[in-house]
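Worksheet: one structure, shown below.
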Number of protein chains: 2
Amino acid sequence: MKPFHSYQNPSLAIDLVVFGYQQHTLSVLLLNRNEAPFKDTWTLPGAFLQMEERFKDTCARVLKTKLGMDDVYLEQLYSFDEPDRDPRGRVIAVAHYALINPKNFAITAGSMANDVKWFNIHEMPALGFDHKTIFTQALQRLRSKILYFPVGFELLDDLFTMPELHELYECILDISIDRRNFRRKILDSQYIINTGKKREGLQNRHPDLYKFNKKLPKNAFQLNIN
Amino acid sequence: MKPFHSYQNPSLAIDLVVFGYQQHTLSVLLLNRNEAPFKDTWTLPGAFLQMEERFKDTCARVLKTKLGMDDVYLEQLYSFDEPDRDPRGRVIAVAHYALINPKNFAITAGSMANDVKWFNIHEMPALGFDHKTIFTQALQRLRSKILYFPVGFELLDDLFTMPELHELYECILDISIDRRNFRRKILDSQYIINTGKKREGLQNRHPDLYKFNKKLPKNAFQLNIN
DNA sequence: ATAACTTTGTGTCAAATCAACACAAACAAG
DNA sequence: CTTGTTTGTGTTGATTTGACACAAAGTTAT
């Protein structure tokens, strides 16, 4: 397919904010550019949209070829249109954010070139283009979405414990939440199911293992923050 | 500015879901196309993005030239990328929605060609392209946004009464809300200010006139629906 | 006038929810 | 088997909510 009319179109790119959670830290994946513009500067991964691609295809292509990731939670964030956001010319960016589970995190963390790196969201370097804005907006979106939709599970293993989920929420929202009230809210929402199993390990009391409830109950979930 | 790389880009358009409120009805503005594709079919207003334009510029251009409207509340909705959403070729649409106040509503309702028409959201005709999807998503967004952000005021005059605001909410959300509990919620939120004036008219008791509080209080506003 | 009716503003109260906390059970280490 | 830590469960007072009653301010009819 070709564009059917004659005047010039802006270029179309997608940019990706890839979130991962490990070591009690929420992190974002950045690339260090090896060419101008913004050579030797950290930026969000991205690519130009190919003519036959849908946004998710482009995202998947970036995640697969540049980062070696498969099967990732993806959501469209916002489209950015500042005329000078790219010094090379007019580029519209349709930003998405991705949530990856620890399995993918481990893969990338191991086999990673030194121009690809996870950054703690509290220790971000300066970013090229308008990627700081995009990152900030993605974080905001994640924070507000997690309050009413069970999107956090995408960042955990299939089986997880209540303390793990609790800490994930505290980490993403950057606040402390009462452990017991949190538990009650989550359980009432029926978003998770107790598998009966326990996590064995080096800890003290072995916590129950839960899994995400795939048939979403309509029990509204609203986590209130003070 | 020109696109700096060589491969073909999809065309970029914006589509607009223009909401208006009058006669106790939430309506959307539609255009009847006079050329193929979708000739003689109702569609959302829209235009192709010009090289120097930002999204809001294109929106303003459509609102001004096609509809004669100025100074409208605008928000980006979502970007639509189905490869065959336009039979002429690949077109990415960055959809926005607009909320217009009764002043603009009156202007357009008067001087309107017969290929431009307001439709009650409950009596929508079949729409061309993927505009049904876009409209549905815009309505959803408006409905969820109004629950926690004072966006409804954009659809009313500068001065409005509590019953008017109440009915607007009932109309947008398509539910009935207890008049007195609604009042309490709104007043607690401090989103509106009592001007001391009263609405004179044909009614019974003259209701107080309120205005929108421009310096938004951080008093969280959360209207709960049952 | 004044009585009857409509609409708007204000207040009440039981039920549900929430925030803060106590306590017991399960496990490890000494 | 005692001490310390973590996890699961329950309690309680305060706040918020949902469902109302009632009074005040108008209009219309008699």
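Below, chain A is the first sequence line, B the second, and so on; all start at residue 1.
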* Asked: B:Lys185 has an atom NZ; how far is it from atom P of C:dG9, in whole Å?
  -> 20 Å
* Rounded distance in Å - CG (A:Leu165) to C1' (D:dT7) -> 14 Å
* Specify the separation, in whole Å, of atom CZ of B:Arg183 and atom P of D:dG18. => 17 Å
* Structure fact -> Rounded to whole Å, CZ of A:Phe160 lies from C1' of D:dT7 at a distance of 16 Å
* Is a salt bridge present between B:Lys103 and B:Asp71, judged by a nitrogen-to-oxygen distance below 4.0 Å? -> no
* Nucleotide C:dG11, atom P - distance to CG of B:Leu187 in whole Å -> 12 Å
* **Rounded distance (Å) that lies between atom C1' of C:dC18 and atom CG of A:Asp188** => 12 Å
Tell me which donor-acceptor pairs under 3.5 Å the side chains of residues 147-162 of chain B have, and how far apart each pair is, sequence neighbours excluded?
| from | atom 1 | to | atom 2 | distance (Å) |
| --- | --- | --- | --- | --- |
| B:Thr161 | OG1 | B:Glu164 | N | 3.2 |

* Do the two ring centres, one from B:Phe129 and one from B:Phe38, sit under 6.0 Å apart? -> yes
* State plainly whether the residues B:Asp70 and B:Lys64 are in salt-bridge range, i.e. N to O under 4.0 Å. => yes
* Structure fact -> Residue pair A:Arg184/A:Asp208 against DNA chain D: nearer the 5' end by closest nucleotide is A:Asp208
* Assign a letter to each nucleotide of nucleotides 21-30 of chain C from its 5' end: B, base within under 4.0 Å of a protein heavy atom; S, sugar-phosphate only; -, no contact. => BB--BBBS--
* Asked: Whole-Å distance between D:dG26 C1' and B:Arg199 CZ?
  -> 16 Å
* Go through the steps for A:Asp208 and A:Lys198 under the test salt bridge (Lys or Arg N to Asp or Glu O under 4.0 Å), then give the verdict. => CA-CA 4 Å; A:Asp208 297 353; A:Lys198 309 245 175 212; 2.7 Å; yes
* **Integer-rounded Å distance: C:dG9 C1' and B:Leu209 CG** => 14 Å
* Which residues pass the side chain to side chain donor-acceptor pair (under 3.5 Å) test with A:Ser27, sequence neighbours left out? -> none
